[in-house]
Q: 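Got a structure for you, written out below as structure tokens; questions coming shortly.
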Amino acid sequence: MAEPLHALTALGHAAPKTVTIGAVSIIERFDVALASLAIRKGREAEVRALAAKAGLPLPDPARFAAGPSFSAFWVAPDMWFVEADHSTHEDIAGALKPLFGDAASITEQTDAWVRFDLRAEDLQGLLERLSNVDFARAADGFASRTVIEHIGCYLIRHGAGSVTLYGPRSSAASLLHALEVTAHSIA
Amino acid sequence: MIINHPILGPRDAQEFVYLGDAALINRPDGMTAGIEAFHDYLYVRDNPAGEHRELWYHEQGDRSWLVVTRNTVTHEIIKVELARDVAKAAGRTK
Amino acid sequence: MSQQNRMSGGQIDRSRTLRFTFDGVSYEGHPGDTLASALLANGVRLMGRSFKYHRPRGPLSAGSEEPNAIVELRTGARQEPNTRATVAELFDGLEAKSQNRWPSLAFDALAINDRLNSFFTAGFYYKTFMWPASFWEKVYEPIIRRAAGLGSLTRQEDPDSYDKGFLHCDLLVIGGGPAGLMAALAAGRAGARVILADEDFRFGGRLNAETLTVGGKPGADWAAGVVDELRSMPNVRLMIRTTIIGAFDHGIYGAVERVSDHLAVPAPGKPRQTLWRIYSRRALLAGGATERPIAFENNDRPGIMLAGALRAYANRFGVKVGERVAVFTNNEDGLRTARDLQARGVDVVAVVDARRDGALLPGIRHLKGAEIVDAGGRLGLRSITVRQANGQTETLDVTALGVSGGWNPNVNISSHRRSKPVWNETLQAFVPGEGGPAGLVAAGAAAGLMSTHGALVSGQKGALAALGELGLSGASDTIPEAEDAPVSITPKWYVHSGKGRAWIDPQNDVTVKDVKLAHQENFTSVEHLKRYTTLGMATDQGKTGNVLGLAVMAGLTGQTIPETGTTIYRPPYTPVALGTLAGRSRGKEFKPFRLTPSHKWAEEQGAVFVEVGMWLRTQWLPKPGETHWRQSVDREVLATRKSVGICDVTTLGKIDIQGTDAGAFLDKVYCNTFSTLAVGRCRYGLMLREDGMVFDDGTTARMDETEYVMTTTTANAVTVFRHLEYCRQVLWPEMDVQLISTTEAWAQFSVAGPNARRLLEKLVDQDISDAAFPYMAAGNITIGGLRARLFRISFSGELAYEIAVPTRYGDALLRRMLEAGREFDAIVYGTEALGVMRVEKGHVAGNELNGQSTALNMGLGKMVSRKKDSIGMVLSQREGMNDPEGYRLVGVKPVDKTATLTAGSHFLEIGAAPVIANDGGWLTSKVYSPHLGCEIALGYLKAGDRKIGQRMRAVNLLAKTETEVDIVSPHFFDPEGERLRG
Amino acid sequence: MRYSGLRVMVEALTGHRGWKPVWRDPAPQARYDFVIVGGGGHGLATAYYLAKEFGKSRIAVLEKGYLGGGNVGRNTTIIRSNYLLDGNEPFYEFSLKLWEGLEQDFNYNAMVSQRGIINLIHTDAQRDAFTRRGNAMILNGADAELLDREQVRSLYPWLNFDNARFPIKGALMQRRGGTVRHDAVAWGYARGADMRGVDLIQNCEVTGMRIENGKVLGVETTRGFIGAGKVGVAVAGSSSKVMAHAGMRLPIESHVLQAFVSEGLKPFIDGVMTFGAGHFYVSQSDKGGLVFGGDIDGYNSYAQRGNLPVIEDVAEGGMALMPAIGRARLLRTWGGIMDMSMDGSPIIDRTPVEGLYFNGGWCYGGFKATPASGWCFAHLLARDEPHVTARAYRFDRFLKGLMIDEKGQGATPNLH
């Protein structure tokens, strides 16, 4: 068997990138696998039971929840994005499908997205210049789709100074640029 | 504008894509209805100055189609429902 | 002499001196100054010229309502036209120029217009300049255009950046005067999330300009104390230099924060301004009031200003506008100016009071029932002529005059939703009416409460009421003591006198005469008045003149002012830089980029990229020695057809469709059938709109019993997904279907050409022989153990596959394929070569999928199944869309193989005249086919299916060229499809 | 009274005492042969041509507010005939030709100014589409030119040529396109109609229609019943409301289109320009203001005002195209009601009610259409048959599948 294909990050590098501007750190993450999980018609109870068994949380709308093996955030009625460690779940959809059988529709999403983790003492100043999410009033675990400089993203609040952004992979450079100029603007 | 999403609460209307009159839910069955019925369905509108039930899609959100009851003169929004629920209530199935 | 008109006191930091220039002359001022206050301190009253008559002008106001003192600020690419000197904060090194004058401000050649004013009445241009007809564009209009306009743009790119942002609050307080401060305090103390915004660079509003006390302290000190307390509250956001520009639906307000306009240059990385979108649950309009003038002859002389402005310059800026001052008022407030100036030692020559009753001011010549009939001093006020109650006139030497015709509450924001303000007879002014923005109430002078006490009380009350509606409660703390004088005003709009002109809208040079002429000609509706005379259409939007004009018209028609009406207030409250509204979305950042998985590789190769929607795709890849794009494209096509070529097709939309009803669902959305498709196979699908026109096309594969992968065109990826969600949720809500886009999750490459299979066989772990993986097969495979997908589909007409891996491996897959393909001379081709091959094969793409075409037009009419209900099936049967004479897709070849074709050319019969009656259709797409050795095209030709084999002309009237062409089948290349099944 | 330069001079020297009202304020009569509902541009033009070109009399125009208060008074003043489709181009070219002689015809200077319009091209596909369109224009007797990038640059060197997200590749130009002083069009037609005996009745809102046995007898108004031989409705922004009085539902949705003007600036842009990669079009008025616009807000609305996202979207387009306007200021925004039809093209047609005629669904295109719309509607009212250039503007085109869909967006009015 030939040498495995090498992977490139969404920004086009072999390794993920971290940028620090003023108090804000923008950390590209390349180690998270992602899949969508949607409940098939009439199979909710079954899916919830199977998820519980698998250690996969199915949080309420606009929420993120971490679990023992998987974390997940709500994206649409009856649909979640499920996160797992890429090193153990490179084929996350392949791992999830057997757990849910035909009760759920599962689709690989890992490389549809670029993930940036944002860190600062308080990210309010940055985010209020980027997103219409009411970040100050959002509770930890809040997860929502939002638009940042015309780019549709998912924003997850882990804390006042800790946020995860998922943006479309193809626009990774544009999204990073938006984050950088805004960080400079408040630096 | 702000649309009070039945699941997500208030969201900026900018996140949505507008389609039009919610009467579009009532699509005739193509195997039984003819051109005239489809013409009336697709092309003719009440277009009221006042309360209007209309379809909005939360494209930059949770992808729900909503039925928003909105006053077209004041832009006041009176009611917001999931289009799927409205469609089911109207007897739409598969 | 420097700052000869500077007095003591005021909110001026005399410890620092700021140097600036106006029209090249150097002056000095201090922090706390505006450009206008600093110029006035230096004895400069003349700051601008009016629009039409080029009359010399000085500031009318000390605020954002300024119509006269507008200048070009800064130099070079940062030059900004039409900046109001009255709000431009002074900074060291500021440079300003007067505008709309030539050769100089003091001597302006176009002031000749003033002499000719009797010709230039309202609307004179509608009645002349009509002969001869061609002279308008050639003679008259160029002269008018050259003379028109105010300041100028440099035509250079704005070097500054602009931010945008979003804020949320329980209560937005608009205006930081006594009402706004009191409201913010009440709401802040109650724990509500408050934003207090003020356009000024100092909170306090009129308290900064008055000598009034609040709670026993000078008003400005009280305001500073409140601001200190508010600053200590984490729940209160104080925003100075922030103008609320408009009220929009559902509590959304636009705000412009001037982050760096008080600096010579923004700090590195910092924006010049920020546009905030404020989401408020409630809002309090505490925007104060604007004084209005009284019209009298030559009331536009520099040195004549609003009485409150004269007072503001003295009290806030420590500036006297002139040595000898008079006041002309119809209300009690005007007297404050006289008192304050006298207290500061300025010589107050007279107070001309239109009111007949009431007490006289002590120690000042107070003329009751008097009026001013004229003013003298062309470049600066020198005298006024007063007509006393007894009819006697008298000329007084004065160099400054304060005029007060009363105060108009700033109702603008409350009227942005087109609610009409209502007339208040006591105030002789409009106050906010019903039907304003939901959640907004007015307080203070904006609500018509003109005393300081009234402002404080209504601010607190308004805030607490708003909080109450939100379920928050606050305390009614003690209101600090303040004046509570009632408004005393007698209506006095303009002075009837001789033949001269009395200005209403000074910038646009609208005078009482113009209003009279509008009335005479029956332009009496308020909208006609505005449009005919241009009243209120200048950069100040009539903030000082509109009500006055309305009142003059009311006087002429005999109607009351409210009967005469009011014009609609429109956003923005004050003009907003377009750069601010655009924010970061400009230049290359106008829209985000979408980059393909092969982008990095292509960049290394020196590829030429093309914008396809947001995507950047490889258009072609020039090799060393290739000097013309055609060489590269021809090579890419020939190499592909000869052996094998690879193209990044990731941009095509990919949608994962799962569920037990997935097949039935596809039968609804495609006009052809998919439920019968076997697992492991794919099929070309045609999607119609409900009106029967073709919406999109692509191949869809059945990966599993309940799982399909749909491909859309690049252009329609988003709209198709939206449409599928619509079908799923709205039309067939009980179907078991789940959708998710996977466009970006997979890097997908087309591998095409006779050696495509041989190349892939070197990489793919499974058997992909024709028997194992025939034409239109689809399936999950592995590449060295890595999961991948393979589809045997062809857009080029060659034996071809599309192969997909998780996107992160796309770059490596491409490199691996090129390595494996070295023995086959594999190449990468771009969108141009892709286009050539699809035209050679007769496939429709963007130019044919134009939203105006039916399946029948494309030669795909038979695909529309009538055995099942699908979107668009019924309406595609309408007679107009099934005309046998209608457009059909054809191929086009030039008779002379060396001739060129142009897409967009129209078909004409041989010998037919180029008129629309002979129009046969048009060439949709043109390429050079290296395979055929000539240019070829696709086209939509009327009855084209019956014209195959005919000869026609392809005519491009834009270039005045035409080419004789043969109409052929659109399938130029391998019409039997032997190659792709090979 | 005839207007002329001489008259202006004489009046200037005699204190302007001789100017007469531009129109009368007549009380409505009990009955007219023709009642035109709507005193906007189209209604006034219809009345004017009915009287002048078709020799009709006993005509009234009923206006619910003030003359010219509809979209004729709140648009971006552009005229052009750069349409693609057979159903449209002859009509708009007819309109452009009428514009060219209009001022002399109605003796009012509406400042018809043919300074040219360019539609910028940013992709090869756009060039193909504009080539198709330019050829269609010329085949229809209009003028069109295809400019390359350098020709555009020579016209407007300060456009964003060098740092553009979507590069400028050329333009379709119509030199005969341009602008007109919009209010003056309404006033010129009103004055011309009034002079020919048409009763222009302001503050007269139609509140009902009297229809018996399928025939219209007149209209109920806020100023009483007015009998009519024929009723022509030309009420952009109120089409569905007024036609509901006759029990008709229309293939129309009403939307809000915002327009914008900047502060006055020294001359900067000579002609009219549309950005092909965003929502932005612009011209500069004779007064110096940049007059510009973009897309409709996108939702049904009769509010005559829009929201901030579209203002931002338009400014973004403007800045992307013209980075030098960053420091120019937006002075005023306003909104008008666009009656968006189901294919983006208008309707000038009879209705199922005898004697009732409809003119509407002009989408963005109403202003430039004013002269031809008036002429063609007058033709239909006077002769009961469509004018040759307006034959395609029928109600039944949707039933028959003969849509005139310039943008190819289908039955989605907010996308036209």
Side-chain angles (χ1 to χ4, degrees), chain C residues 80 82 118-119 124 126-130 133 137 141 144-145 148-150 152-153 155 157-158 248-249 254 418 517 520-522 525 527 531 539 570-571 575-579 581-582 585-588 590-591 611 689 691 846-847 850-852 878-881 903-904 906 916 919 922 957-958, chain D residues 3 5 8 12 16 19 21-22 66 69 103-104 108-109 113-114 125 128 131-132 134-135 138-140 146 158 163 165-166 183-184 263-268 286-288 305 307-308 312 315-316 318-320 323-334 400-402 405 408-411:
Chain C
E80 50 179 87
N82 306 331
S118 55
F119 297 94
F124 77 97
Y126 299 126
K127 298 166 181 164
T128 180
F129 301 140
M130 283 176 274
E137 285 94 340
E141 192 184 40
I144 291 171
R145 284 178 82 84
L150 298 164
S152 53
L153 288 176
R155 308 185 179 202
E157 175 165 4
D158 184 350
F248 300 95
D249 281 317
R418 295 177 59 85
L517 181 63
Q520 184 181 329
E521 296 192 81
N522 204 10
S525 127
E527 283 288 337
R531 290 157 187 270
T539 60
R570 295 285 198 177
V576 179
L578 289 169
L581 295 168
S585 300
R586 49 188 273 209
K588 293 275 191 208
F590 171 51
K591 295 279 150 98
E611 297 78 13
R689 294 189 311 233
D691 71 351
N847 283 9
N850 59 2
Q852 300 162 328
R878 285 177 287 175
E879 60 175 273
M881 297 160 74
H906 283 236
I916 196 66
D919 184 24
W922 74 102
L957 298 163
L958 292 162
Chain D
Y3 288 158
V8 170
H16 297 284
W19 297 118
V22 282
Y66 60 95
E103 294 153 301
Q104 290 69 32
Y108 203 80
N109 183 2
S113 178
Q114 295 176 292
D128 296 346
T131 304
R132 175 191 173 197
N135 275 290
I138 297 173
L139 287 168
N140 277 290
L146 200 69
W158 39 264
N163 186 37
R165 176 71 177 81
F166 300 102
D183 288 325
E263 294 178 342
L265 300 164
K266 288 295 174 198
F268 179 56
D286 284 350
K287 265 193 79 187
R305 59 184 173 79
N307 276 297
L308 197 50
E312 294 177 45
E316 288 171 11
M319 278 297 282
I325 61 170
R327 304 179 93 88
R329 293 191 193 88
L330 171 70
L331 176 62
R332 186 177 171 91
T333 67
W334 64 95
K400 292 190 169 164
L402 295 167
D405 187 350
Q409 293 290 359

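Here is how names work: the chains are called A, B, and so on, in the same order as the sequence lines, proteins then strands, and each is numbered from 1.
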Q: Can you name the closest pair of heavy atoms from D:L308 and C:G254 and give their distance?
A: CD2-CA, 3.9 Å
Q: What residue in C:R155, C:M881, C:E527, C:R586 has the most heavy-atom pairs under 4.5 Å with chain D?
A: C:R155
Q: Heavy-atom distance under 4.5 Å to chain D: side chain of C:E141, backbone, both or neither?
A: side chain
Q: Could you label the plane-to-plane angle of the C:F590 and D:F166 rings as parallel, tilted or perpendicular, counting under 30° as parallel and over 60° as perpendicular?
A: perpendicular
Q: So which of C:D919, C:I144, C:L517, C:T539 has the biggest tally of heavy-atom pairs under 4.5 Å with chain D?
A: C:T539
Q: Could you tell me which portion of C:E137 (side chain, backbone, both or neither) has an atom closer than 4.5 angstrom to a non-hydrogen atom of chain D?
A: side chain
Q: Write down the atom of D:G288, the atom of C:A148, and the distance for their closest heavy-atom approach.
A: N-CB, 4.4 Å
Q: Using a 4.5 angstrom heavy-atom cutoff, name the option from D:N163, D:N135, D:L331, D:D128 with the most pairs to chain C.
A: D:N135
Q: Looking only at heavy atoms and a cut-off of under 4.5 Å, which of D:L402, D:I325, D:L265, D:L146 has the most pairs with chain C?
A: D:L265
Q: Work out which heavy atom in C:R570 is nearest to a heavy atom in D:R305; give both atom names and the distance.
A: NH1-CB, 3.9 Å
Q: Could you tell me which non-hydrogen atom of D:D286 sits nearest to which non-hydrogen atom of C:R145, and how far apart they are?
A: OD1-NH1, 2.8 Å
Q: About how many Å separate CE of D:M319 and CG of C:L581, when rounded to the nearest 0.5 Å?
A: 10.0 Å
Q: Do you know which of D:E316, D:R327, D:K266 has the most heavy-atom pairs under 4.5 Å to chain C?
A: D:R327
Q: For the interface with chain D, which of C:R531, C:K591, C:Q520, C:E80 has the highest count of heavy-atom pairs at distances below 4.5 Å?
A: C:R531
Q: Might you point out which heavy atoms bring C:S118 and D:A12 nearest each other, and give the distance in Å?
A: O-CB, 3.2 Å
Q: Looking at C:N847, C:N850, C:N82, which one has more heavy-atom pairs under 4.5 Å with chain D than the rest?
A: C:N82
Q: Chain D heavy atoms under 4.5 Å from C:R689: which part of the residue, side chain, backbone, both or neither?
A: side chain
Q: Does any non-hydrogen side-chain atom of C:V576 lie less than 4.5 Å from one of D:R329?
A: no
Q: Judged by atom type as modelled, is there a donor-acceptor pair below 3.5 Å linking the side chain of C:Q852 to the main-chain atoms of D:D405?
A: yes
Q: Based on non-hydrogen pairs under 4.5 Å, which of C:P575, C:A133, C:G587, C:S585 is most in contact with chain D?
A: C:P575
Q: Given heavy-atom pairs under 4.5 angstrom as the criterion, report whether the side chain, backbone, both or neither of D:Q104 touches chain C.
A: side chain
Q: Could you tell me which of D:W334, D:W158, D:F268, D:W19 has the largest number of non-hydrogen atom pairs under 4.5 Å with chain C?
A: D:W19
Q: For C:F248, does its backbone N or O pair with a side-chain atom of D:N307 as donor and acceptor, under 3.5 Å?
A: no
Q: Quick check: do D:I138 and C:L958 have side-chain heavy atoms less than 4.5 Å from each other?
A: yes
Q: Considering non-hydrogen atoms only, spot the tightest contact between D:A315 and C:A582 and give its length.
A: O-CB, 3.6 Å
